[in-house]
Engineer: 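Here you go, one structure.
Numbered from 1 within each chain, the chains take letters A, B, ... in sequence-line order.
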Protein chains: 2
Amino acid sequence: MHQPDHLKNAGLKSTLPRLKVLDLFENSEERHLSAEDVYKQLLTSGEDVGLATVYRVLTQFEQAGLLVRHHFEGGKSVFELKQGEHHDHIVCMQCGHVEEFYDAAIETRQEKVATELGFAIRDHSLHIYADCTRKKCPHRR
Amino acid sequence: MHQPDHLKNAGLKSTLPRLKVLDLFENSEERHLSAEDVYKQLLTSGEDVGLATVYRVLTQFEQAGLLVRHHFEGGKSVFELKQGEHHDHIVCMQCGHVEEFYDAAIETRQEKVATELGFAIRDHSLHIYADCTRKKCPHRR
DNA sequence: ATGCAAATGATAATCGTTCTTATTTGCGTT
DNA sequence: AACGCAAATAAGAACGATTATCATTTGCAT
């Protein structure tokens, strides 16, 4: 789905590091990765990219619209492949697992509220912090 | 409204730095202040508190339930006096002004979504990033 | 194959925040 | 009012995430 063309179209040379990072997002278990995550996974796979390059590439991909950046609690940035439509997130406070959801009613209401207050929405982020019920989750009773 | 007793009740000695910080939140123009904001304002008023102390005090006040901490885009923490009920925020992308709002429908919907996905909500943050229409705002047409 | 702008990697620098430690302060007790 | 001591502070070192610098390498049009 993401061929080197995607990079070209975005005005970016198709270099090795860029292709590797893109590849990682397409084939990784976890959809949501931090710069550190990407860097470590590349090192583990024997790839040799610099951390600075990872940061640079992630930012470029964000600007090119290939990735979306999120700021979950904790401060560090997390990235995700941009595909399909907007959605919000529920983050498990125990295991860090991220689930996505979309609720039309919430979206509509936001528009309403903003309009009433005299604002023009450009973006928004809704993060629910909760306890999940996955087997892996250390919080499980 | 916030007397030194508030500190005592929270198990905190009523020291000069703590009183000053509390005072600042009660009398400041802007409801939402970062550690840096607090530090600078205190310096400007001739008060002599260390930046480390500001960070410590803010964290303590948060734990004591006197302040709430928010993470707006950009990563840095912003604090606000906790008074009254929960609310969400609209942040102007041009001038940084923060407006508060509460929408029962949005709150209800969040509970619904979380429950359906098997999560138990512990906290959430909804930030709308938009353009405001205040006179001060540099974005104004 | 050649040239050069663009991209990279290593590392220094920056920013927000926390930690460390010696000094000071609040406050209950004389 | 002075004493004592735990708690709190100030200054600066340390830290983690991210960005900037710059010499070297690479993609790619010629």
Side-chain angles (χ1 to χ4, degrees), chain A residues 3-24 32-64 66-79 96, chain B residues 3-24 32-64 66-79 96:
Chain A
Q3 300 309 306
D5 316 359
H6 283 75
L7 293 177
K8 292 245 184 63
N9 294 343
L12 298 168
K13 271 190 196 171
S14 88
T15 66
L16 242 45
R18 300 217 253 242
L19 290 174
K20 287 175 194 165
V21 170
L22 208 40
D23 208 59
L24 183 54
H32 302 81
L33 302 171
S34 68
E36 196 66 26
D37 292 338
V38 171
Y39 179 61
K40 280 187 186 148
Q41 288 211 36
L42 289 181
L43 282 196
T44 304
S45 334
E47 309 293 358
D48 182 33
V49 284
L51 180 55
T53 302
V54 170
Y55 274 102
R56 236 177 297 130
V57 169
L58 289 176
T59 302
Q60 291 162 342
F61 283 4
E62 183 198 8
Q63 286 163 352
L66 295 175
L67 295 179
V68 197
R69 182 196 300 254
H70 300 293
H71 289 100
F72 295 148
E73 222 132 276
K76 50 194 299 191
S77 293
V78 171
F79 298 82
Chain B
Q3 299 311 305
D5 317 358
H6 284 74
L7 293 178
K8 293 247 182 63
N9 294 343
L12 298 168
K13 269 192 198 168
S14 87
T15 67
L16 241 46
R18 300 216 252 243
L19 290 173
K20 286 174 193 163
V21 171
L22 208 40
D23 208 60
L24 183 53
H32 302 80
L33 302 171
S34 68
E36 196 65 26
D37 292 338
V38 172
Y39 180 61
K40 279 187 187 148
Q41 289 212 33
L42 289 181
L43 282 196
T44 305
S45 335
E47 310 292 357
D48 181 33
V49 285
L51 179 55
T53 301
V54 170
Y55 274 103
R56 233 179 300 124
V57 168
L58 290 176
T59 303
Q60 291 163 341
F61 284 3
E62 182 198 9
Q63 286 163 351
L66 294 174
L67 296 179
V68 197
R69 181 196 300 257
H70 301 293
H71 289 99
F72 296 147
E73 220 131 277
K76 51 192 299 189
S77 295
V78 171
F79 297 83

Engineer: Within this structure, what is the CG-CG distance for the pair B:L42 and B:L51, rounded to the nearest 0.5 Å?
Structural biologist: 10.5 Å
Engineer: Quick one: does any side-chain atom of A:R69 pair with a main-chain N or O of A:S77 as donor and acceptor, under 3.5 Å?
Structural biologist: no
Engineer: Can you name the closest pair of heavy atoms from B:Q41 and B:L33 and give their distance?
Structural biologist: NE2-CD2, 3.9 Å
Engineer: Give the rounded distance in Å between these two atoms: CG of B:D37 and P of C:dC15.
Structural biologist: 16 Å
Engineer: Is any side-chain nitrogen or oxygen of B:R18 closer than 4.0 Å to OP1 or OP2 of C:dG26?
Structural biologist: no
Engineer: Supply the atom-to-atom distance A:L12 CG to A:F61 CZ, rounded to the nearest 0.5 angstrom.
Structural biologist: 6.5 Å
Engineer: Quick one: A:L7 CG to C:dA6 C1', roughly how many Å, whole number?
Structural biologist: 14 Å
Engineer: Can you measure B:Q60 atom CD to C:dC19 atom C1' for me and round it to whole angstrom units?
Structural biologist: 14 Å
Engineer: With A:V57 as reference, evaluate A:V38, A:V49, A:V21 under the side chain to side chain contact (heavy atoms under 4.5 Å, CB included) test and give the passing residue.
Structural biologist: A:V21
Engineer: Tell me whether A:D23 contacts the main-chain N or O of A:K20 through its side chain, where contact means a donor paired with an acceptor under 3.5 Å.
Structural biologist: no
Engineer: What string of B, S and - do you get for nucleotides 14-30 of chain D, 5' to 3', when a contact is any protein heavy atom under 4.0 Å?
Structural biologist: ---SBBB------BS--
Engineer: Roughly how many Å is it from CG in B:D48 to C1' in D:dT9, rounded to a whole number?
Structural biologist: 11 Å
